[in-house]
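A short write-up of the structure that comes next.
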Amino acid sequence: MKIIQITDSHIKKHANTLLYGVNVREQFEKVIKHLLTSKEEFDYFLLTGDIADDGSPEAYEYIAKHLAYFNKKVFYINGNHDDKETMLKTFSQFPNFEYLNTLDVANFTLVGIDSCLQGKDFGIINENELLRIKTILSKLSTVNRECVLVLHHHPVLVNTPLIDDCTLVNSEEFLNLVNKFSCVKLILSGHVHNDYKIRINTNCWFESSISTFIQFNKGGVYETEMNSDIFGYKIISFMENQYFSKIISLQ
């Protein structure tokens, strides 16, 4: 089975609004066009946060209407720029949209995690959410299923100052939990606006995807942080007990 990860689109309410000099809707539409013309076979979309930049219902409606071309189920989580209440209310009008709690794909279970604190750029996973994750992982361990944990904020540093200033603040607690369960094979995030693959332990990797909007340069500094020439999405293929990922980079 195959999933298309789309992240950090930062769609705004008005069509021609620029963000850092980039027309975010135009970039997103290029990604949609590429997916349509490439005839890529896949099963689901996965949106990993910052779907809207301003949390407006118009931004979420725009996303939903464009993804409707594919007639695919769309699973999503919220990012720090999203307004979760507005997002849930707007997407509830579209039957193919579902907030990611758990999703079984091949022998993997994807688990959506809310790492956002409204109005803050940094992330945190609260105690109730950590307990929920532990309960799910305990159950998956007993039935021999692999796990992918999906959240917006990155739990490991990526050495880009602007992004690492707003990471997951209780990442140590989260990773200590992850390290107790060998069933966790992948931690997947948005937020970092670039493609990373970092080993967490002998069983698990952290991965992220490039944004449909702009990328933050790897190892960059504040003055030369952004690259608007590259944008795209990630394809993740799930086999019985393994996965493969590939970035599709557009210009």
Side-chain angles (χ1 to χ4, degrees), residues 1-12 19 22-56 58-82 84 87-88 90-91 94 96-100 103 105 110 112-113 115-116 148-154 186-197 207-216 227-228 230-238 243-251:
M1 299 187 76
K2 193 177 293 184
I3 285 177
I4 302 294
Q5 182 190 5
I6 289 180
T7 197
D8 296 271
S9 298
H10 288 270
I11 301 301
K12 298 180 79 69
L19 188 59
V22 176
N23 187 316
V24 291
R25 292 194 178 202
E26 185 178 278
Q27 297 273 83
F28 184 79
E29 288 167 21
K30 288 178 181 178
V31 168
I32 296 301
K33 182 179 180 180
H34 182 272
L35 274 166
L36 287 168
T37 56
S38 70
K39 301 187 186 304
E40 181 73 48
E41 294 290 335
F42 64 97
D43 298 282
Y44 303 114
F45 280 108
L46 177 62
L47 312 183
T48 49
D50 283 358
I51 300 164
D53 188 71
D54 54 13
S56 65
E58 291 86 353
Y60 298 120
E61 288 170 1
Y62 167 89
I63 289 282
K65 289 174 180 177
H66 278 76
L67 294 184
Y69 296 140
F70 299 90
N71 195 29
K72 300 287 185 181
K73 191 83 172 181
V74 181
F75 293 90
Y76 64 95
I77 60 171
N78 49 308
N80 55 292
H81 282 269
D82 289 306
K84 188 176 183 180
M87 178 185 68
L88 291 170
T90 306
F91 283 156
F94 299 89
N96 60 318
F97 273 70
E98 183 177 331
Y99 190 81
L100 179 64
L103 169 66
V105 180
L110 277 64
I113 300 170
S115 63
C116 297
V148 179
L149 299 176
V150 183
L151 71 167
H152 181 64
H153 293 85
H154 56 307
L186 173 63
I187 300 171
L188 186 66
S189 89
H191 196 52
V192 297
H193 289 248
N194 217 315
D195 174 37
Y196 290 92
K197 184 171 183 177
E207 290 198 28
S208 62
S209 174
I210 61 175
S211 162
T212 66
F213 168 35
I214 59 170
Q215 314 319 311
F216 293 115
N227 182 349
S228 61
I230 297 173
F231 55 97
Y233 57 94
K234 175 171 272 190
I235 303 173
I236 309 172
S237 302
F238 293 94
Y243 76 92
F244 301 95
S245 62
K246 178 174 68 172
I247 286 290
I248 304 300
S249 179
L250 311 177
Q251 293 183 336

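Heads up: numbering here begins at 1 and tracks the sequence.
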Under the rule for side chain to side chain contact (heavy atoms under 4.5 Å, CB included), what residues qualify as partners of E207, not counting sequence neighbours?
L186, L188, K197, K234, Y243, S245
Within a strict 4.5 Å, meaning less than it, do heavy atoms of the D43 and V105 side chains meet?
no
Dump the intermediate steps for side-chain contact (heavy atoms from CB on, under 4.5 Å) on L151 and I187, then the final yes or no.
CA-CA 8 Å; L151 71 167; I187 300 171; 3.5 Å; yes
Measure from the side-chain N and O atoms of Q215 to the backbone N and O of S211, and report whether any donor-acceptor pair falls under 3.5 Å.
yes
Considering only heavy atoms from C-beta outward, does the side chain of F216 approach that of V192 to under 4.5 Å?
no
Straight-line distance of L100 CG to L47 CG, nearest 0.5 Å
10.0 Å
Measure the acute angle between the ring planes of H191 and H153, then classify it against the limits of 30° and 60° as parallel, tilted or perpendicular.
tilted
When you measure from the centre of the six-membered ring of F231, is the NZ or CZ of K30 under 6.0 Å away and within 45° of the axis?
no
How many angstroms lie between NE2 in H193 and CG in D8, if you round to the nearest 0.5 Å?
3.5 Å
Steps toward side-chain contact (heavy atoms from CB on, under 4.5 Å) verdict (I32, L67):
CA-CA 8 Å; I32 296 301; L67 294 184; 3.6 Å; yes
Applying side chain to side chain contact (heavy atoms under 4.5 Å, CB included) to T7 and not counting sequence neighbours gives Q5, T48, S209
If you compare all heavy atoms of L46 against all heavy atoms of L110, which two are closest, and at what distance to 0.1 Å?
CD2-CD2, 4.2 Å
What I want to find out is whether K73 reaches E98 closely enough, with some N-O distance under 4.0 Å, to be called a salt bridge.
yes
Contacts of S189 that satisfy side chain to side chain contact (heavy atoms under 4.5 Å, CB included) - sequence neighbours left out
H154, F206, S208
If you measure from CD1 on I235 to OG on S38, what distance do you get to the nearest 0.5 Å?
7.0 Å
Look at the side chain of T37 and the backbone N and O of H34, then say whether any donor-acceptor pair between them is shorter than 3.5 Å.
yes
Should the ring pair H10 and F213 be called parallel, tilted or perpendicular, given that the plane angle runs from 0 to 90° and is split at 30 and 60?
tilted
Parallel, tilted or perpendicular: which describes the rings of Y62 and H66, with under 30° parallel and over 60° perpendicular?
tilted
Please evaluate residues F238 and V148 with respect to the criterion side-chain contact (heavy atoms from CB on, under 4.5 Å), reporting the C-alpha separation (whole Å), side-chain torsions for both, the decisive distance (0.1 Å), and the verdict.
CA-CA 11 Å; F238 293 94; V148 179; 3.8 Å; yes
Stepwise ring pair (Phe, Tyr, Trp, His ring centres under 6.0 Å) test for F75 and F45
CA-CA 6 Å; F75 293 90; F45 280 108; over 10 Å; no
Would you indicate whether the side-chain heavy atoms of Y60 and D82 approach each other to under 4.5 Å?
yes
